[in-house]
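Reading through the structure tokens given below for one structure.
By convention in this document, chain letters (A, B, ...) are assigned in the order of the sequence lines, proteins followed by strands, and residues within each chain are numbered from 1. The structure displayed is predicted, hence computed values, not measured ones.
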Amino acid sequence: MRISPAITQRLAKGVLILATISALGVLIFVIGFVLAGGFRHISWSFLTEPILDMGRGGGILPAIAGTILMVFVAIGIAAPLGIASSIYLAEYTEEGRVTQTIRFGINCLAGVPSIIFGLFGFILFVVILGFGWSIISGGFSLAAMILPTIIRTSEEALRSVPKNYRDVAASLGATRWQVVTRSVLPYALPGILTGVILGIGRSIEETAVVIFTAGSAVQMPKSLFDSARTMAVHFYILAREGISNENAYATAAILICTILIINVFAYSLMHRLMRGKS
Amino acid sequence: MKKIEIKNLNVSFDGFHALRNVSFDIPRNEILSIIGPANSGKSTILFCINRMIERIPNVKVEGDILLDDRNIHTIKDVEELRRRIGIVYATPIPLPMTIKENILFGPKLKKRLTAAKAGELVENSLKAAVLWDEVKERLDSSALRLSGGQQQRLCIARTLAVKPEVIMFDEPCSGLDPISTAKVEEAMKELKKDHTIVLVTNNTKQAARVGDRTAFLLMGELIEIDSTDKIFTAPSKQKTEEYVTGKFG
């Protein structure tokens, strides 16, 4: 006996809606849980005071500073490098064995667990290059970790720009570089930005790499060569070592808010970039 | 006076022989139509003339193309060649920017323009493409909002703004209604006063309407080239006659 198409249709629709609701539900639950547990303990002084007594008291200003500095170093290195590589791969090479090998390598790199990047950063930046546990070592290692993501998303963004735009620009006398800068990059920018934002997000939430390469100093970093902890590391240590559950939740809440703010800001920026172009 | 001279042009893509020993001249200030069924190599000739074919991987091009008696392969600055030989594609491809920015895209690649110069260039180019009266009130609105026919004339204006000596049209009216087609053809006839025009078309009637001379291409070979009147009334080859009378194609 066949089930009538009308029933399978209703069934399918029901299952799909249920799946969507449960996915959203998990998200809302997690965010709500952390925010509800954390917001009670957030105050102005929590944001602006130094870490006292390993995190039992005081605020998290050094962790906020450490996060910002490390993410800046990581993005400052990974974004230009990654975008330049993706332009080379998408615009300057012809598809062949070499590009396939490079792309395969990048995809493998994207799947490497972050702890491996931590170990790599520890050996190269901390030990061999002698940067010690520092924001520089942490930033460089995070950059290595997010580089494949940025290259992949940027390359995809570049490839999604219609080939016609390139032909038009070239036939009007544009050099290859002018083709890239004037008729490809402007339209790939939103996609490229998405990759950079993903990279920022991954750097902010990363703990393993940071502990290995930047240490977990509680003092306010005075230069890029000082050890520092990020908010994620601070949260991890507070929670794991049972130092202060309240402060751990509060830190997590601020972490989530930071990521939300970055996303909202990035999307509004993207909208502004897209206006008038579609 | 010949503007372009094509000598023994052979092109193959990945082993597929797209053009075989094609030789002909393109006279100055005339419209040469190139007709022939799909895959006969019409567009390939255009891409050889502006060397856009070099952007396609695995292509072999042999033979010489002379522009004003100079072999185009000895022109080091390929961008300069492409500014001298403009092309308008089959589907209108407005860049996703304003009408004005579209027109100024080509000129700005080479040098900065003063506002006055830019305004003048936009107006002249749009007038030459018979589009000015329809868009003069909204030069700063997106080019994507124009109709298909207007977009195609915008593409012609954009090509003209670079001040090319030769303009090649690659089936420019294939997606247009008869009224838009008539406007594009009107622009072409006007343009031949100062330009050499090559028109690739699937539409034999269009070739008969606007072409001074017509070349008939079949499977990568040049079957016949002659004055348009002769091709359409008394062609010397049987294949040509069969094609222009609609027996195949």
Is the CZ atom of A/Phe72 crowded by more than 12 outside heavy atoms at less than 6.0 Å?
-> no

Would you indicate whether B/Asn71, at its atom CG, is surrounded by more than 12 heavy atoms from other residues, nucleotides or ligands within a distance under 6.0 Å?
-> yes

Test ring pair (Phe, Tyr, Trp, His ring centres under 6.0 Å) applied to B/Phe24 - qualifying residues, sequence neighbours left out | none

Pairwise distance CG(A/Leu172) to CZ(B/Phe105) - rounded to 0.5 angstrom = 6.5 Å

Which one, B/Leu95, B/Asp77, B/Thr159, B/Val162, leads in non-hydrogen pairs under 4.5 Å with chain A?
-> B/Leu95

Determine whether more than 12 heavy atoms belonging to other residues, nucleotides or ligands lie under 6.0 Å from atom CZ of B/Arg138.
-> yes

Salt bridge (Lys or Arg N to Asp or Glu O under 4.0 Å) with A/Lys13: which residues, sequence neighbours excluded?
-> none

Mind checking the OG-CZ spacing from A/Ser171 to B/Arg158? Nearest 0.5 Å is all I need.
-> 7.0 Å

Under a 4.5 Å heavy-atom cutoff, which of B/Arg83, B/Arg55, B/Glu79 has the most pairs with chain A?
-> B/Glu79

Among B/Ile85, B/Val88, B/Leu109, B/Leu81, single out the residue with the greatest number of heavy-atom pairs under 4.5 Å to chain A.
-> B/Leu109

Output for pair (A/Thr175 OG1, B/Arg82 CZ), nearest 0.5 Å, gives 10.5 Å

Which atoms of B/Pro94 come close to chain A, meaning under 4.5 Å heavy atom to heavy atom: side chain ones, backbone ones, both, or neither?
-> backbone

CD1 of B/Ile93 to NZ of A/Lys163, rounded to nearest 0.5 Å, is 8.5 Å

For atom NZ of B/Lys100, is the number of surrounding heavy atoms from other residues, nucleotides or ligands below 6.0 Å larger than 12?
-> no

For the atom pair CZ (A/Arg182) and NZ (B/Lys108), what is the distance rounded to the nearest 0.5 Å?
-> 8.5 Å

Over 12 non-hydrogen atoms of neighbours within 6.0 angstrom of CZ in A/Phe265 = no

